[in-house]
Amino acid sequence: MAKYLYIILLAITVSSCSEYQKALKADDLKLKYEVAVKMYESEKYSKAIRLIEQVAPSYRGRPQGAKLFYVYSMSLYKTKSYYPAGYQFESFAANYPRSEKVEEASFMGAKSYYQLSPKYSLDQVDTYKALDKLQTFINNYPNSQFMPEANQLVKELNEKLEKKAFEIAKQYSITADYFGDFKAAIVSLDNFLLDHPGTIYKEDALFYKLDAYYRLSINSVESKKKERLETAKTYYDALLKFKADTKYMDEATTMIERINTELELFSK
């Protein structure tokens, strides 16, 4: 039985390949169109793309082209060709505004840009572009069936930007000793907390702010040391007020003990 099943599958595969090769070489636009759709439905997206690109100019702007360009856009997306997919989905939505697929195409266009967003440590131009595209979709289709996914994608992109912003602020603190610029670290962390009041990195930011100001105060000239130590103490209080069982307890305890010891010298 297995042998016969294998033969049948082999025959179907050969037939499909033969049909594709015939369409590829033919001058018949309708044949290319039909086989392209069949290739798409069989998840042979690269073959569908090749056929569609042969006939696209002839169908552009024509009513019959709606399905063809939808299939083309989806095939590009399925093959992870996200830049051209985004462009084609947007073009489809603009050229076929009455299509039943226009809402989906608008969402998929925005999602294509989401797929182009790089990891947080790289330049985030494409992330901002994706957010803009998704927000446009959300504004245009507030009741869309794709809204839950669109909101989730926006959330993920914003979290990526938030992580990048935190890592930049954190880096200022880490390199403050080398560059001797503790104030830049503190300002950067302050700005991060102001820009992201509900951030998941608040505990980390409060600690690195304490750490930067602690190092600044300990290494200060005598005329500024007392005031800076007292300020560092308020940063310690802010960290523990936010999270009494902070994961930075050991480091913070070491700092506050040194701060209190230094302050006691000014009371003698």
Exercise. Between K38 and E19, is there a side-chain N and carboxylate O pair less than 4.0 Å apart?
Worked result: yes

For this session: Could you pull out all residues at least two apart from K202 that satisfy salt bridge (Lys or Arg N to Asp or Glu O under 4.0 Å)?
Result: none

Exercise. Rounded to the nearest 0.5 Å, what separation is found between the NZ atom of K78 and the OH atom of Y45?
Worked result: 4.5 Å

Exercise. More than 12 foreign heavy atoms under 6.0 Å from CZ of F242: is that the case here?
Worked result: yes

For this session: For this output row, return yes or no: ring centroids of Y82 and Y77 closer than 6.0 angstrom.
Result: yes

Exercise. So F192 and Y201, would you call those rings parallel, tilted or perpendicular, with 30° and 60° as cut-offs?
Worked result: tilted

For this session: Show your working on side-chain contact (heavy atoms from CB on, under 4.5 Å) between L206 and L189 and close with a plain yes or no.
Result: CA-CA 8 Å; L206 289 171; L189 288 160; over 6 Å; no

Exercise. Given side chains that start at C-beta, do those of I200 and K163 come closer than 4.5 Å, heavy atoms only?
Worked result: no

Problem set entry | Separation of L193 CG from T199 OG1 (nearest 0.5 Å) | 7.5 Å

Exercise. Just wondering, more than 12 heavy atoms not from E227 lying within 6.0 Å of its CD?
Worked result: no

Exercise. So, do L157 and L134 sit near enough that their side-chain heavy atoms are less than 4.5 Å apart?
Worked result: yes

Exercise. Quick check: are there more than 12 heavy atoms from other residues, nucleotides or ligands sitting under 6.0 Å from NZ of K160?
Worked result: yes

Exercise. Is any NZ, NE, NH1 or NH2 atom of the basic residue among K32 and D28 found under 4.0 Å from an Asp or Glu carboxylate oxygen of the other?
Worked result: no

Exercise. Is any side-chain heavy atom of D181 closer than 4.5 Å to a side-chain heavy atom of Y172?
Worked result: no

Exercise. Taking only residues two or more places apart in sequence or in another chain, which ones pass salt bridge (Lys or Arg N to Asp or Glu O under 4.0 Å) with E159?
Worked result: K155

Exercise. How would you list, by chain and number, every residue that makes a salt bridge (Lys or Arg N to Asp or Glu O under 4.0 Å) with E203, sequence neighbours excluded?
Worked result: K243

Problem set entry | Approximate separation, where rounding is to 0.5 Å, of Y20 OH and S42 OG | 13.0 Å

Problem set entry | Partners passing side chain to side chain donor-acceptor pair (under 3.5 Å) against S91 (at least two apart in sequence or in another chain) | N95

For this session: Would you indicate whether K30, at its atom NZ, is surrounded by more than 12 heavy atoms from other residues, nucleotides or ligands within a distance under 6.0 Å?
Result: no

Problem set entry | Of all pairs that satisfy ring pair (Phe, Tyr, Trp, His ring centres under 6.0 Å), the ones with a partner from residues 141-165, not counting sequence neighbours | F107-F146, F137-Y141

Exercise. Distance from Y214 atom OH to N219 atom CG, nearest 0.5 Å?
Worked result: 8.5 Å

Exercise. Side chains of N260 and E264: donor-acceptor distance under 3.5 Å anywhere?
Worked result: no

Problem set entry | From L51 atom CG to S75 atom OG, the distance as rounded to the nearest 0.5 Å | 10.0 Å

Problem set entry | From L229 atom CG to M255 atom CE, the distance as rounded to the nearest 0.5 Å | 13.0 Å

Problem set entry | Validation row, ring centre F92 to ring centre F69 under 6.0 Å | no

For this session: Measure up the Y40 and Y70 rings against each other and bin them: parallel (under 30°), tilted (30 to 60°), perpendicular (over 60°).
Result: perpendicular

Exercise. Are Y208 and F166 side-chain neighbours, meaning at least one heavy-atom pair lies under 4.5 Å?
Worked result: yes

Exercise. Of all residues at least two apart in sequence or in a different chain, which pass the salt bridge (Lys or Arg N to Asp or Glu O under 4.0 Å) check with D126?
Worked result: none

Problem set entry | Salt-bridge criterion met for K170 and D204 (N-O under 4.0 Å) | no

